[in-house]
Amino acid sequence: MAQRLHLIVAFLLFAGHAASASPCQFESQGEGRVAAIVDARSVRLDDGREIRLTGIEPTATTNLALTSLLAGRDVTLRSSDDTPDRYGRQNALVFVGESDASVQATLLAEGDAIVSAEIADRDCAAALMAWEAEARRQKKGSWADPSAIKNAESPDDILAGIGRFMVVEGKVLSVRQAGAMTYLNFGRNWTRGFAATISKRTLPAFESAGITLKSLENRRIRVRGWVEGNTGPRIDIRLVGQVELLGANEPTGVRP
């Protein structure tokens, strides 16, 4: 009960703070009451609709936090498109009652979720990243774990999480192109070291953002995504938001 009250109070405080600047106010895509928590990122409304909370990836604490925030609550759904995904789920930012703060933002602010980088709207994406960054700075929730951000210089630690969504930091040692794929190599051994891969069809998005891939060489960056690979670990970069440039004055994550 104490934890539930803590989450609700934090949510209300967050809502009051965010009311003056709410960049994620997309068109309303309906309302409803949460009848069940399906999993760490999906809920079912009383009218039968299944809603997937867009913009985040869950952590170990997301399910409990989501239950505390949403079980039995009236919600408003906001997104730029209400077309169901291939699983029949409606993807949306979820708002409790008349709040201006999304549940996703609250989860991120408490360290109970990770930004997935799938939100295309730049202002909204930046706002979600900012809430995650503050939780990371304060070591809230999942960010209290020293291994929450992986070190690109420890590829075995990353490879151990194959099939999971991870956040990795490190210095890009080289940028190489092979066919239609560009590799951001973080290790000198290309077969075993960690790399981020970017396909040719993704390049226009980086160019629109003013980023040339070659300019990332010798830069410290943070990447996020699903880990794959049989030898060296890989993260496939499909969205510009999966890559963050780490400036000289920007704090990096705590690494093992």
Under a 4.0 Å threshold between the charged nitrogen and the carboxylate oxygen, would Asp145 count as salt-bridged to Lys139? no
With a 4.5 Å heavy-atom cut-off, do Val75 and Leu45 have their side chains touching? yes
Closer than 3.5 angstrom, by distance alone: can the side chain of Glu132 be matched with the main-chain N or O of Leu128 as a donor-acceptor pair? no
Flag the pair Arg192 / Asp156 as yes when at least one side-chain heavy-atom distance between them is below 4.5 Å, and no otherwise. yes
Donor-acceptor pair, Gln177 side chain versus Gly179 backbone, under 3.5 Å? yes
Just by modelled atom types, is the Leu64 backbone N or O under 3.5 Å from a matching donor or acceptor in the Ser68 side chain? yes
Side chains of Tyr183 and Val175: closer than 4.5 Å at any heavy-atom pair? no
Is any NZ, NE, NH1 or NH2 atom of the basic residue among Lys171 and Glu153 found under 4.0 Å from an Asp or Glu carboxylate oxygen of the other? no
Could you tell me if the side chain of Val94 sits less than 4.5 Å from the side chain of Gln104, heavy atoms only? yes
Could you walk me through whether Leu184 and Leu216 pass the side chain to side chain contact (heavy atoms under 4.5 Å, CB included) check? CA-CA 8 Å; Leu184 308 182; Leu216 299 179; 3.9 Å; yes
Ala105 backbone acceptor or donor facing Ser102 side chain under 3.5 Å: yes
Using the rule given for side chain to side chain contact (heavy atoms under 4.5 Å, CB included), can you reason through Leu77 versus Gln90, listing the C-alpha separation, both sets of side-chain angles and the distance that settles it, and then say yes or no? CA-CA 9 Å; Leu77 312 174; Gln90 184 176 340; 3.7 Å; yes
Side chains of Glu134 and Lys140: closer than 4.5 Å at any heavy-atom pair? no
Would you check if Glu27 and Ser80 make a side-chain contact, meaning some heavy-atom pair closer than 4.5 Å? no
Checking side chain to side chain contact (heavy atoms under 4.5 Å, CB included) for the pair Leu246/Glu169: CA distance, chi angles, key distance, verdict? CA-CA 9 Å; Leu246 298 179; Glu169 287 181 1; 4.0 Å; yes
Donor-acceptor contact below 3.5 Å, side chain Thr202 vs main chain Ile198: no
Taking Ser99 for its side chain and Phe95 for its backbone only, find out whether a donor-acceptor pair lies under 3.5 Å. no
Is there a side-chain contact between Pro155 and Phe186 in this structure, where contact means two heavy atoms from C-beta onward sitting under 4.5 Å apart? no
Tell me, do Ile237 and Val243 make a side-chain contact under 4.5 Å, heavy atoms counted? yes
Checking Leu173 against Arg188 for the side chain to side chain contact (heavy atoms under 4.5 Å, CB included) test, could you report, in this order, the C-alpha distance in whole Å, the side-chain angles of both residues, the deciding distance, and whether it holds? CA-CA 7 Å; Leu173 298 185; Arg188 300 192 184 282; 3.7 Å; yes
Check this for me: does any side-chain nitrogen of one of Asp74 and Arg33 sit under 4.0 Å from a carboxylate oxygen of the other? yes
Pairs where residues 205-247 contributes a residue and the test ring pair (Phe, Tyr, Trp, His ring centres under 6.0 Å) is met, not counting sequence neighbours: Phe165-Trp226
I'd like a table of donor-acceptor pairs (distance under 3.5 Å, sequence neighbours excluded) in which one partner is a side-chain atom from residues 49-56, with atom names and distances.
unit_1: Arg49; atom_1: NE; unit_2: Asp47; atom_2: OD1; d: 3.3
unit_1: Arg49; atom_1: NE; unit_2: Asp47; atom_2: OD2; d: 2.8
unit_1: Arg49; atom_1: NH2; unit_2: Glu31; atom_2: O; d: 2.6
unit_1: Arg49; atom_1: NH2; unit_2: Asp47; atom_2: OD2; d: 2.9
unit_1: Arg52; atom_1: NH1; unit_2: Asn91; atom_2: OD1; d: 2.6
unit_1: Arg52; atom_1: NH1; unit_2: Glu118; atom_2: OE1; d: 3.3
unit_1: Arg52; atom_1: NH2; unit_2: Glu118; atom_2: OE1; d: 3.4
unit_1: Arg52; atom_1: NH2; unit_2: Glu118; atom_2: OE2; d: 3.2

Any side-chain to backbone donor/acceptor pair from Arg78 onto Phe26? Under 3.5 Å, distance only. yes
Is there a donor-acceptor pair under 3.5 Å between the side chain of Gln138 and the backbone N or O of Ala135? no
Does Glu57 pair with Arg41 as a salt bridge, N-O distance under 4.0 Å? yes
Can you sort out the partners of Glu228 under side-chain contact (heavy atoms from CB on, under 4.5 Å), two or more places apart, ordered by chain and number? Arg234, Asp236
Kindly say whether Thr59 contributes a backbone atom to a donor-acceptor pair with the side chain of Thr62 at under 3.5 angstrom? yes
Using only atom types and a distance under 3.5 Å, with no angle test, would you say the side chain of Arg44 pairs donor to acceptor with the backbone of Ile37? no
